*Asks:* 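Take a look at this one; I'll ask things after.
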Number of protein chains: 2
Amino acid sequence: MTDRSYFTITELTAEFGITTRTLRFYEDEKLINPRRHGRKRLYTPRDRTRVKLILRGKRLGFSLAEIREIIEMYDHAPGENRQLQILMQRINERKAELEQKRRDIEETLKELADVESVALIRISELEKLKKDTGS
Amino acid sequence: MTDRSYFTITELTAEFGITTRTLRFYEDEKLINPRRHGRKRLYTPRDRTRVKLILRGKRLGFSLAEIREIIEMYDHAPGENRQLQILMQRINERKAELEQKRRDIEETLKELADVESVALIRISELEKLKKDTGS
DNA sequence: AATATTCTTGACCTTTACGTAAGATGCGTA
DNA sequence: TACGCATCTTACGTAAAGGTCAAGAATATT
């Protein structure tokens with residue numbers, strides 16, 4: 001199903017759980033640009049991949065502007081040396097950010113695990129109480 | 001420096017790179033509630049920790065409402081069984097979200113590494129060219 | 001042919017998370 | 001005492017990311 005040549009707007013909204021407004025908004029923002037059949041939009045697999053990247057970026061808390069930057073890095077590695085240096089710098093900045101996010105996630109998961117174990121203990125205490133007082 | 005009993009508002013803004021407006025806003029939103037000395041706010045280490053949690057949540061793309069929920073889980077593990085079940089459910093939802101984010105991060109890091117290696121190859125090609133044509 | 005469905009373009013509306021400016025208050029100091 | 005900060009409250013402003021109609025065009029269905 002994913003290697004079809006075109007998708008309609010509602011197919012994509014259904015697949016990704018978003019609205020048509022959202023896809024048109026991303027188009028306004030130049031994040032995707034679907035072909036047209038008459039006036040109707042036809043999304044290519046490439047557009048679909050872009051949407052995936054956008055949504056992934058959003059899950060990570062990036063703004064659309066930041067997501068645009070990231071996607072642009074994927075698109076064209078420049079030919080000129082100066083530009084390549086700048087690209088390398090951007091890549092390293094994003095890497096650092098992502099690694100920070102990763103640390104944040106690990107910390108949060110650990111804290112949630114702590115809360116969970118406290119809750120589990122309480123639950124088992126309640127079970128015991130129930131048994132002791134006669135189920 | 002972190003185990004002082006009180007911090008002023010500007011101390012915290014300086015430490016976290018945020019504005020006073022932001023701290024007052026979080027207060028309006030009941031995410032923190034500093035004591036007062038007269039009308040001036042005095043932030044306890046607990047408030048400071050909260051701010052850290054809030055900013056960490058923001059880096060991970062959580063809204064303030066979501067952050068509030070997460071912080072509330074840390075605060076009071078309830079005593080009643082039904083509430084404990086609900087808490088467990090919430091914890092598992094958050095865990096799943098965080099694990100998704102983690103996968104998103106790994107994917108993005110991998111893609112960035114790919115872009116980086118392409119860029120590095122180009123750079124070395126340019127180096128070679130420069131040498132061949134005479135530096 | 002009439003109706004329903006899908007898609008289109010506008011246009012204004014809403015929520016979140018603050019920014020920013022105005023004016024008052026208190027406190028140390030020159 | 002006058003000044004300069006730091007802080008306070010109040011209130012309007014704003015950017016981002018869509019939501020929500022409205023009204024028309026194209027296509028499909030009965």
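Within every chain, numbering begins at 1; the chains are lettered A, B, ... in the order of the sequence lines, protein sequences first and strands thereafter. Every value quoted in this text rests on a predicted model; they were computed, and no experiment measured them.
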*Asks:* Can you tell me the distance, in whole Å, between the CG atom of Leu23(B) and the P atom of dT7(D)?
*Replies:* 11 Å
*Asks:* Asp47(A): which residues meet the salt bridge (Lys or Arg N to Asp or Glu O under 4.0 Å) condition with it, sequence neighbours left out?
*Replies:* none
*Asks:* Using a 4.0 Å heavy-atom cut-off across all strands, classify Arg24(B) as base, sugar-phosphate, or nothing.
*Replies:* base
*Asks:* Which part of the nucleic acid, if any, lies within contact of Thr20(A), taking any heavy atom under 4.0 Å across all strands shown: a base, the sugar-phosphate backbone alone, or nothing?
*Replies:* nothing
*Asks:* Could you report the tightest heavy-atom contact between Leu126(B) and Glu80(A), atom names first, then the distance?
*Replies:* CD1-C, 4.3 Å
*Asks:* Atom CG of Asp28(A) to atom P of dG19(D): distance rounded to whole Å?
*Replies:* 14 Å
*Asks:* dT9(C) phosphate, OP1 or OP2: any side-chain N/O from Arg39(A) under 4.0 angstrom?
*Replies:* no
*Asks:* Test of understanding: with side chain to side chain contact (heavy atoms under 4.5 Å, CB included), list the residues that count as partners of Ile121(B), not counting sequence neighbours.
*Replies:* Glu125(B)
*Asks:* Which residues pass the side chain to side chain donor-acceptor pair (under 3.5 Å) test with Glu69(A), sequence neighbours left out?
*Replies:* none
*Asks:* Quick one, which residues of residues 30-37 of chain B touch DNA chain D with a heavy atom under 4.0 Å?
*Replies:* Arg36(B)
*Asks:* For Arg56(A), give me all partners under salt bridge (Lys or Arg N to Asp or Glu O under 4.0 Å), at least two apart in sequence or on another chain.
*Replies:* Glu107(B), Glu111(B)
*Asks:* Tell me every residue that passes side chain to side chain contact (heavy atoms under 4.5 Å, CB included) with Asn92(B), counting only those two or more places apart in sequence or in another chain.
*Replies:* Glu116(A), Lys95(B)
*Asks:* Provide, to the nearest angstrom, the distance between the NZ atom belonging to Lys40(B) and the C1' atom belonging to dG26(C).
*Replies:* 6 Å
*Asks:* What residues, two or more places apart in sequence or in another chain, satisfy side chain to side chain contact (heavy atoms under 4.5 Å, CB included) together with Gln89(A)?
*Replies:* Glu93(A)
*Asks:* Could you tell me the separation between the CZ atom of Arg68(A) and the C1' atom of dA17(D), rounded to a whole number of Å?
*Replies:* 13 Å
*Asks:* Taking side chain to side chain donor-acceptor pair (under 3.5 Å) as the test, write out the residues that go with Thr20(B), two or more places apart.
*Replies:* Arg24(B)
*Asks:* Could you give the CD-to-P distance, from Glu27(A) to dG10(C), as a whole number of Å?
*Replies:* 12 Å
*Asks:* Below 4.0 angstrom from OP1 or OP2 of dT7(D), is there any side-chain N or O of Thr8(B)?
*Replies:* yes
*Asks:* Where along nucleotides 13-19 of chain C does protein come under 4.0 Å, by heavy atom, of base (B) or sugar-phosphate alone (S), with - for untouched nucleotides?
*Replies:* ----BBB
*Asks:* Take Arg102(B) and Glu106(A), measure what salt bridge (charged side-chain N to carboxylate O under 4.0 Å, His left out) needs, and give me the verdict at the end.
*Replies:* CA-CA 9 Å; Arg102(B) 184 157 56 183; Glu106(A) 299 311 326; 2.9 Å; yes
